[in-house]
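All residue numbers in this chain count up from 1 along the given sequence. Owing to the predicted nature of the structure, the values given are computational and were not obtained by experimental measurement. Heavy atoms only: backbone and side chains are in, while hydrogens, waters and symmetry mates are out.
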Amino acid sequence: MKKLDSHIDDSILEKAKILEMITQYLSKYSSSQFDCYACNLEDGVLTLGSINSSGLGVIRNYQRDIIKDVNIEFSEVLRGKVNKIKLKIIQNPKD
């Protein structure tokens with residue numbers, strides 16, 4: 001039986017790794033009340049999600065700093081620059 005990662009395209013695995021690194025990096029903007037997750041990165045738009053609206057409010061307040069930090073910290077692994085942040089309320093991925 002083949003391993004699961006042999007059935008998944010390498011570009012999808014690479015994108016998932018980048019999103020996980022961004023999610024871990026964004027923990028400096030989050031508090032114990034909410035978590036922030038990097039959900040998607042496409043065409044210069046970084047989609048960030050939180051499980052409640054108060055989390056999105058904090059992200060919205062820091063979005064210029066987040067864009068600047070992500071572009072600096074992940075310049076080697078990103079194919080382009082992040083120009084915009086899109087916000088979404090998501091289900092808790094830990095459940």
Side-chain angles (χ1 to χ4, degrees):
M1 185 170 192
K2 291 184 178 181
K3 291 183 177 181
L4 181 61
D5 62 352
S6 65
H7 296 285
I8 300 173
D9 188 60
D10 289 338
S11 64
I12 294 172
L13 291 174
E14 175 138 352
K15 185 176 182 179
K17 288 178 186 176
I18 292 169
L19 291 173
E20 178 63 26
M21 289 188 305
I22 292 172
T23 297
Q24 290 175 355
Y25 182 78
L26 292 176
S27 66
K28 77 178 199 174
Y29 292 103
S30 63
S31 66
S32 61
Q33 297 174 345
F34 77 95
D35 290 324
C36 174
Y37 301 95
C39 301
N40 196 11
L41 179 60
E42 192 170 344
D43 299 328
V45 179
L46 176 62
T47 303
L48 300 178
S50 182
I51 57 173
N52 56 32
S53 60
S54 64
L56 293 180
V58 173
I59 296 170
R60 189 175 291 113
N61 291 338
Y62 288 112
Q63 68 181 353
R64 289 184 185 180
D65 295 330
I66 291 172
I67 290 171
K68 186 174 94 174
D69 288 350
V70 166
N71 284 330
I72 291 171
E73 290 294 321
F74 301 103
S75 62
E76 300 99 31
V77 294
L78 292 177
R79 293 187 182 113
K81 288 194 165 202
V82 173
N83 301 317
K84 183 178 175 182
I85 290 181
K86 184 177 173 183
L87 304 173
K88 292 180 97 173
I89 293 180
I90 59 172
Q91 292 181 348
N92 192 347
K94 296 178 184 175
D95 290 341

For L48 and A38, which heavy atoms make the closest approach, and how far apart are they? CD2-CA, 3.8 Å

Answer yes or no: is there a donor N or O on one side and an acceptor on the other, between the side chain of S50 and the main chain of C36, under 3.5 Å? no

Could you tell me which residues satisfy side-chain contact (heavy atoms from CB on, under 4.5 Å) with K17, sequence neighbours excluded, listed by chain and number? none

Can I get a per-line list of side-chain donor-acceptor pairs under 3.5 Å for residues 71-79, giving both atom names and the distance, sequence neighbours left out?
residue: N71; atom: OD1; partner: V82; partner atom: N; Å: 2.7
residue: N71; atom: ND2; partner: I67; partner atom: O; Å: 3.2
residue: N71; atom: ND2; partner: V82; partner atom: O; Å: 3.0

Residues that Q91 engages under side-chain contact (heavy atoms from CB on, under 4.5 Å), provided they are two or more places apart: none

Distance (rounded to the nearest 0.5 Å) between L46 CG and I22 CD1: 5.5 Å

Salt bridge (Lys or Arg N to Asp or Glu O under 4.0 Å) pairs touching residues 40-68, sequence neighbours excluded, are none

Let's go through K15 and I12 carefully: what are the C-alpha distance in whole Å and the side-chain angles of both, what is the deciding distance for side-chain contact (heavy atoms from CB on, under 4.5 Å) to 0.1 Å, and is it a yes or a no? CA-CA 5 Å; K15 185 176 182 179; I12 294 172; 5.8 Å; no

side-chain hydrogen bond (donor to acceptor under 3.5 Å, both in side chains) partners of K81, counting only residues at least two apart: none

Residues two or more places apart in sequence or in another chain: which of them pass side-chain contact (heavy atoms from CB on, under 4.5 Å) with K84? V45

Using the side-chain contact (heavy atoms from CB on, under 4.5 Å) criterion, which residues pair with I89? Sequence neighbours excluded. S53, L56

Working to the nearest 0.5 angstrom, can you tell me the gap between I90 CD1 and I51 CD1? 8.0 Å

Sequence neighbours excluded, every pair satisfying ring pair (Phe, Tyr, Trp, His ring centres under 6.0 Å) that has a member inside residues 37-73: Y29-Y62

Counterpart residues, side-chain hydrogen bond (donor to acceptor under 3.5 Å, both in side chains), relative to Q24 (two or more places apart): E20

Those residues at least two apart in sequence (or on a different chain) that pass side-chain hydrogen bond (donor to acceptor under 3.5 Å, both in side chains) with S11 are D9

Please identify each residue that fulfils side-chain hydrogen bond (donor to acceptor under 3.5 Å, both in side chains) with Y25, with sequence neighbours left out. K28

Working to the nearest 0.5 angstrom, can you tell me the gap between E14 CD and L19 CG? 11.0 Å

